[in-house]
Structures are given as structure tokens and as C-alpha cells.
Amino acid sequence: MPHAELWQRHRQVMPSWMQLYYDEPIELVRGSGRRVTDGEGREYLDFFGGLLATMVGHDIPEITEAIRAQAGRLLHSSTLYLIRSQVELAERIAKLSGLPDAKVFFVNSGTEAVETALLLATQRRRSHQVLALRGSYHGRSFGTVAATGIRGWSATALSPLAVTYVHSGYRYRSPFGHLDDAAFVAACADELRTIIETSTAGDVACLLAEPVQGAGGFATPPEGFFPAMKAVLDDYGILLISDEVQSGWGRTGRSFFAMPGSGVTPDAITFAKGLGNGVAIGGVVAPTGLMDCLGANSISTAGGNPLATAAGVATLDYLLSHDLQANADKVGEHLMTGLRAIADGCPLVGEVRGMGLMIGVELVVPGTREPAVAATLRVLEAARQRGLLIGRGGLHGNVLRVTPPMTVTVAEADEALAVLREVLTTVERTEENA
């Protein structure tokens with residue numbers, strides 16, 4: 001079916017606020033490795049990975065076979081029964097998290113994972129007060145929208161939580177941005193303490209934080225930021241929840257989960273997306289004292305179902321046996337170096353940032369820091385026309401998101417860099433002549 005016809009049908013039955021990429025949206029119908037093919041037969045190099053969910057790549061035999069084998073036995077039983085793959089996956093995640101005496105609760109998505117963590121923290125602290133980072137994104141449910149610090153993703157001001165926003169460590173547009181790293185971190189920590197003292201009732205449940213902000217444009221704080229913030233939280237007994245829905249599983253290259261890699265042990269870690277390599281799964285890992293604090297029954301009917309956890313076990317096995325964290329570090333550094341070299345000769349690029357295979361390229365009106373939103377859309381479109389799929393995010397929608405599957409090769413990175421160099425240069429010249 002032609003894309004135009006499917007798009008017309010989409011508009012008739014899907015909500016208007018359900019965003020699609022491109023002037024003429026495409027359908028992806030099959031994939032292999034880091035390549036995908038659309039419904040009209042066009043092949044692309046996938047450097048977005050299904051919004052980071054296709055973590056290992058498309059049609060990985062070991063993962064596909066594990067899903068097929070489980071589907072042939074049993075799709076669902078509910079968590080009222082023992083599920084072997086669920087227990088096996090929880091054991092591995094508990095150990096890999098580095099959290100003491102850890103337990104795991106599985107759900108179906110990142111949104112549900114964050115909701116669960118908020119439920120645990122607010123119950124444990126007996127408070128509905130929550131701190132969140134400016135520029136954050138945590139999901140599309142009532143509670144997670146309330147804790148999302150991006151206007152474009154906040155559909156309502158109504159909230160079950162009392163949320164106060166603090167500095168995220170995003171320097172490029174910060175009033176503290178002119179300071180050196182140590183002074184910048186100190187200023188952010190001082191601001192956190194001031195906000196706790198002046199904008200809350202004191203008994204705050206938690207700080208919810210992405211170590212590297214996803215929808216926020218991969219804002220990446222300097223070294224020492226989270227240890228300094230955690231020190232302030234500890235003074236008040238406030239819990240730290242690390243939202244690793246996008247940054248987990250070694251994608252940042254430095255550590256299996258990003259928050260511990262920054263030198264901080266959080267009180268809970270949320271995860272989702274890449275663990276199922278496209279199969280819906282999410283969850284929370286936390287020490288027993290926090291995980292077991294609920295005084296009522298709770299359940300997730302399909303959370304941690306046999307199919308999803310079979311996919312999770314296979315994905316984790318593949319990730320570890322192929323040392324994809326090391327590959328994310330190596331290829332991510334190669335991409336970062338190449339993108340910064342492009343930026344040196346392209347005034348359209350304000351900043352290149354990120355960690356591992358979470359890379360953001362912020363586009364600005366040349367000679368200013370004004371967000372170049374229209375140019376960003378043109379770059380996204382032109383990259384697709386040249387066979388490269390990337391994403392878009394940021395507070396103003398002016399940040400390119402470069403997030404290939406963690407099996408990406410250096411040769412594929414070079415292919416993507418060549419496309420981005422051509423596209424950015426062309427769009428920048430168009431901006432100059434406009």
C-alpha cells in the first residue's frame with residue numbers, strides 16, 4: 001500500500017496529537033541489523049532505533065528465535081503464576097544494577113516504570129512532593145506528565161503530585177553556563193538546596209532524574225553534577241530515582257546504568273525500551289526496603305509476561321556476550337569526534353553533546369543561540385531523503401538525536417557522518433541565503 005494512502009487512513013482514526021516524522025510519513029516494514037526498508041521498498045540506515053527501543057538491531061537471530069520459541073509454547077499466564085524467564089531476568093538485572101539487596105518489578109513501558117517508582121517513593125516518604133529536572137521527559141500518564149519538564153510534552157497542569165523543577169545540568173542555555181565545571185556544579189547544588197528550603201514543605205519524596213536527558217535533547221551534565229546533587233538530597237533524606245529508560249543497558253558506553261557510572265548509587269532505577277529490543281517491557285529495580293514498602297496489593301497483568309521476559313533474557317545475553325557497552329563507547333566516540341569536526345565548519349550547529357550512542361546536535365540560527373527549529377526539520381527530512389533515519393528533540397525541537405543500535409559499526413558511523421555533513425552544510429547555506 002502506498003504511504004500516502006496509509007497516511008490518509010491514519011489521519012482518519014488516529015489522534016491529531018500523535019506526531020509523525022516527515023512531510024510524507026513512511027511505514028517501516030522490515031529490517032536487518034542497522035538497516036530498515038519502508039513500505040515502498042526504500043532502504044535506510046537506522047540511526048534512531050525505534051526511539052532507542054531497537055537497542056541491539058533488527059532481526060537478530062538469537063533474539064528472534066527466543067521470541068518465536070516462547071510464542072510457540074505460551075504467550076501469557078499473568079503474574080499470579082510463577083514465570084521462569086521473569087525470575088531469571090530479575091536475578092540478572094538485580095545483580096547488574098549494583099543496588100544492595102535489590103528486587104525487580106516488571107511492567108509494560110517506561111511510563112509505567114516511572115509511575116511505579118513514584119508510587120514507591122511517595123509511599124515510603126509519605127509525601128506527594130517530587131523534585132524533577134527542567135527539560136525532563138518521563139512518560140505520557142497523568143503522573144509522569146506532571147513530572148515532565150518540557151512544555152511541548154506537558155498536556156495538562158493538573159497533577160497528582162506537587163512537582164518542583166530544579167537545574168538539569170544543561171549548560172548551553174543555563175544562566176550558570178559561563179562558569180567552569182566546578183563552579184557550575186556548585187551553583188546547581190546551591191540552587192537545589194535553596195529550592196528545597198523555599199519552594200517545598202520540606203518532606204520531599206524524591207528527585208526524579210534522567211542521567212542523560214532523552215527528549216530534552218541529550219542534555220549531559222558535567223562530571224560531578226549528580227554526586228553534588230545527591231549530597232544535598234541526603235541532607236534532607238530525599239530519595240533519588242534514576243530514570244534510565246533511555247540511558248540504561250550500557251548505551252552511554254561508560255557503565256551499564258548511567259547514574260552509577262556518574263559515581264552515585266540511586267535509590268531506584270527505572271528501565272524499559274531497549275531491554276526487549278522492541279518488545280514492550282519496563283520495570284523498576286530497587287532495594288528490598290523500598291520495593292516492599294507498599295501496604296496494599298499491586299499487580300501488572302502483562303508486566304513481565306513470558307514473551308517479553310524471554311525477549312529480555314535473550315537481549316541481555318546478546319548484549320553482554322558481544323560486549324556492546326564497549327562498542328557503544330568506541331563507536332559513540334567516533335561519531336562524537338566526527339560530528340564535532342562537522343560543527344567546526346558549520347555555524348548552524350551550536351553544540352554537540354551526549355555520551356556513548358546518545359548524541360544530540362543542537363541547531364541554532366548562525367551567529368546566535370536562537371533555536372533553528374525550521375532548519376532542524378529540514379535536516380531531518382533531507383537525511384531521510386538520503387537514506388538516513390535520525391530523531392529530533394530538545395526543549396525547542398531543535399536538537400538532532402543520533403542513537404543507532406548498539407551493534408553499529410564504525411563503517412556505518414562513517415556512512416551516517418557523510419550524510420550529515422552533506423545535509424547540514426546544504427541546509428546551513430540555505431539558511432544563509434534565506
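Interatomic distance, CG of Leu131 versus OH of Tyr165, reported as 11.0 Å (0.5 Å rounding). Taking CG of Asp23 as the start and CD of Gln385 as the end, the distance is 8.5 Å to the nearest 0.5 Å.
A salt bridge between Glu362 and Arg173 is present, with a side-chain N of the basic residue lying under 4.0 Å from a carboxylate O of the acidic one. Comment: Asp235 engages Arg193 in a salt bridge, judged by a side-chain N to carboxylate O separation of less than 4.0 angstrom. Of the charged side-chain nitrogens involved, at least one lies within less than 4.0 Å of a carboxylate oxygen, so that Asp292 and Lys103 count as a salt-bridged pair. With respect to the salt-bridge test (charged N to carboxylate O, under 4.0 angstrom), the residues Arg254 and Glu223 qualify.
Taking the centre and axis of the six-membered ring of Phe218, the NZ or CZ atom of Arg353 falls outside the cone set by 45° and 6.0 Å. A cation-pi arrangement is absent between Arg134 and Tyr170 under the rule of less than 6.0 angstrom and at most 45 degrees off the ring axis. Relative to the six-membered ring of Trp153, Arg151 misses at least one condition, a distance below 6.0 Å or an angle of at most 45° to the axis. Relative to the ring axis of Tyr172, Arg369 places its NZ or CZ within 45° and under 6.0 Å from the centre.
Residue Ala187 comes nearest to Leu179 through the heavy atom pair CB-CD1, 4.1 Å, listed as atom of the first residue, atom of the second, then distance. Thr144 approaches Glu115 most closely through the heavy-atom pair N-OE2, 3.4 Å. Smallest separation of non-hydrogen atoms from Ile390 and Tyr22: O-OH, 4.2 Å. When all heavy atoms are compared, the tightest approach of Leu335 to Leu357 is CD1-CD2, 4.0 Å. Contact between Ser97 and Ala102 at its shortest, heavy atoms only, is OG-CB, 4.1 Å. The nearest pair of heavy atoms linking Arg340 to Val352 is NH2-O, 3.0 Å.
Within a 6.0 Å sphere centred on CZ of Arg42, heavy atoms belonging to other residues, nucleotides or ligands number more than 12.
Checked by atom type and distance alone, the side chain of Glu210 pairs as donor or acceptor with a backbone atom of Gly214 at under 3.5 Å. Panel note: side chain Thr270, backbone Val114; no donor-acceptor pair is recorded below 3.5 Å. Side chain of Thr409 to backbone of Glu412: a donor-acceptor contact under 3.5 angstrom is found.
No donor-acceptor contact under 3.5 angstrom links the side chains of Thr376 and Arg392, judged on distance only. Side-chain contact annotation: Ser174 with His167, donor-acceptor N/O pair under 3.5 Å present. Defined by atom type and a distance below 3.5 Å, a donor-acceptor pair is missing between the side-chain atoms of Gln12 and Arg9. Side-chain contact, Thr194 with Glu197: no donor N or O sits under 3.5 Å from an acceptor N or O. Under 3.5 Å, the side chains of His334 and Asp414 contain a donor-acceptor pair of N or O atoms. Side-chain contact of Asn327 with His322: a donor-acceptor pair under 3.5 Å is absent, judged by distance alone.
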